[in-house]
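As structure tokens, the structure follows; a few thoughts come after it.
Note that the structure is a prediction, hence the values are computed from the model and not measured. All ligand and atom numbering here is 1-based and tracks the order in the structure.
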Amino acid sequence: MSQLGIITDGAILIRAGKILEVGPTRRVENLAIARRAQEIEAAGKVVMPGFIDSHTHLLNGAWREGDAARSVRTSTAQRLQYRAQAHVQTMSRHGATTIEVKTGSGVDPRAEIKLLRVMGNLNGDAMNIVPTFLLRFSPVSPEPLSELALTEKLEHLLGNIKRRRLARFADVAWESDGDHCKFFERHLSVCRQHGFGLKVHAGPRKTADAIAAAIRALAVSVDHLEHATEEEARVLAGSPTMAVLAPASTLRGNRPAPARTLIDAGVPLALATDFDPHHNPILSMQTLVALACLYLGMNHAEAITACTINGAHALGCAQTVGSLEPGKSADIVFLKTGDCRDLAGHVGENLVQMTIKGGKVIYQEGEVAPRDLPDRPAWW
Ligand SMILES: [Zn+2]
């Protein structure tokens with residue numbers, strides 16, 4: 001995670017939205033195929049892969065315990081999309097090019113399908129949206145359902161989601177009720193049979209069970225390991241399951257997320273915002289890099305790796321995004337600095353000057369209002 005593979009004075013050749021070549025400028029410019037290329041000047045700037053935010057609750061409504069589905073049901077799809085679109089655009093401005101979004105309104109088929117269809121509409125040229133169906137146990141239904149009734153309901157919903165290709169991953173919120181371990185494990189194996197990739201949303205309770213289940217199920221990631229111990233980190237090391245930390249979700253507590261424990265145990269780690277417009281306000285991956293360096297004991301290279309290629313691994317899409325390599329999508333961020341360590345040192349500042357997604361410029365920093373200020377007021 002500490003090796004960024006920086007090329008000083010480098011160039012990237014892009015064609016049809018994909019990276020064709022990366023290397024020292026002189027070599028890339030001398031390629032015959034580069035001769036008629038349109039040039040984008042980047043002297044003195046860091047050029048890096050777009051950020052991958054592998055865990056968000058972007059579409060969460062303002063809900064209290066038990067009424068998550070109601071808040072989705074009472075909003076039109078248009079309204080949900082309109083609100084989410086504004087957040088997605090802000091994320092582009094801060095350099096994200098791929099974000100995962102979870103459902104999680106409980107097992108209300110209409111609410112869940114509505115959220116997944118909104119995600120489908122948000123997905124496009126400007127942002128890769130990776131949709132995940134999150135099973136949340138606590139707000140499942142106003143009146144408790146038997147496990148049998150719930151299984152039948154889920155079977156129908158999963159079939160529907162699969163048929164319409166609405167989600168790529170299935171996730172279970174272990175945090176909401178660790179007492180349903182057996183049920184969660186059965187659900188994960190049904191999801192696998194349906195062809196979904198798997199994730200496990202761990203939490204403060206029964207983290208060890210969540211990790212063990214994620215490994216057994218060959219989940220692509222186990223998330224929210226903010227309470228993981230050294231022993232749990234050792235269990236996770238060497239497994240194919242990625243660890244995802246959402247350090248912003250523990251900001252209100254006084255215990256920093258155990259990034260160092262996980263990395264030192266040899267666990268590949270991704271960082272994600274866990275952005276939720278009502279409960280978790282950080283949506284900038286740059287802020288996460290800074291937090292990781294200031295509070296979690298990570299160095300800048302580890303933090304950048306965790307927010308780019310490791311995020312891509314946590315979404316099973318590292319073959320196509322997450323780093324600047326030939327054959328990958330041209331998802332590229334230009335920073336207004338020549339030193340990527342500034343990401344750790346400039347907390348809250350947006351260092352992104354330009355974001356390119358699939359070879360197209362989707363964001364370019366605008367001008368601040370011109371300096372010809374109005375006449376000085378009399379009271380000055
Ligand atoms: Zn979460």
The Zn ion (ligand 1) -> His57, closest N, O or S atom is NE2
Taking the Zn ion (ligand 1) as the vertex, what is the angle from NE2 of His201 to NE2 of His224, given to 10 degrees?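 Approximately 100° at the metal, rounded to tens of degrees.
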Taking the Zn ion (ligand 1) as the apex, NE2 on His55 and OD1 on Asp274 give an angle, to 10°, of 90°
Going by atom type alone, with no hydrogens or angles, which donor-acceptor pairs under 3.5 Å involve a side-chain atom of residues 308-321 and a protein atom two or more places apart or on another chain?
residue : atom : partner : partner atom : Å
Thr308  : OG1  : Ile304  : O            : 2.7
Asn310  : ND2  : Leu269  : O            : 2.8
Thr320  : OG1  : Cys317  : O            : 3.2

Ser2 meets the side chain to side chain donor-acceptor pair (under 3.5 Å) criterion, sequence neighbours left out, with Asn299
*Would you call Asp125-Lys357 a salt bridge at under 4.0 Å N-O?*
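Lys357 and Asp125: not salt-bridged.
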Aromatic ring centroids of His57 and His278 under 6.0 Å?
-> no
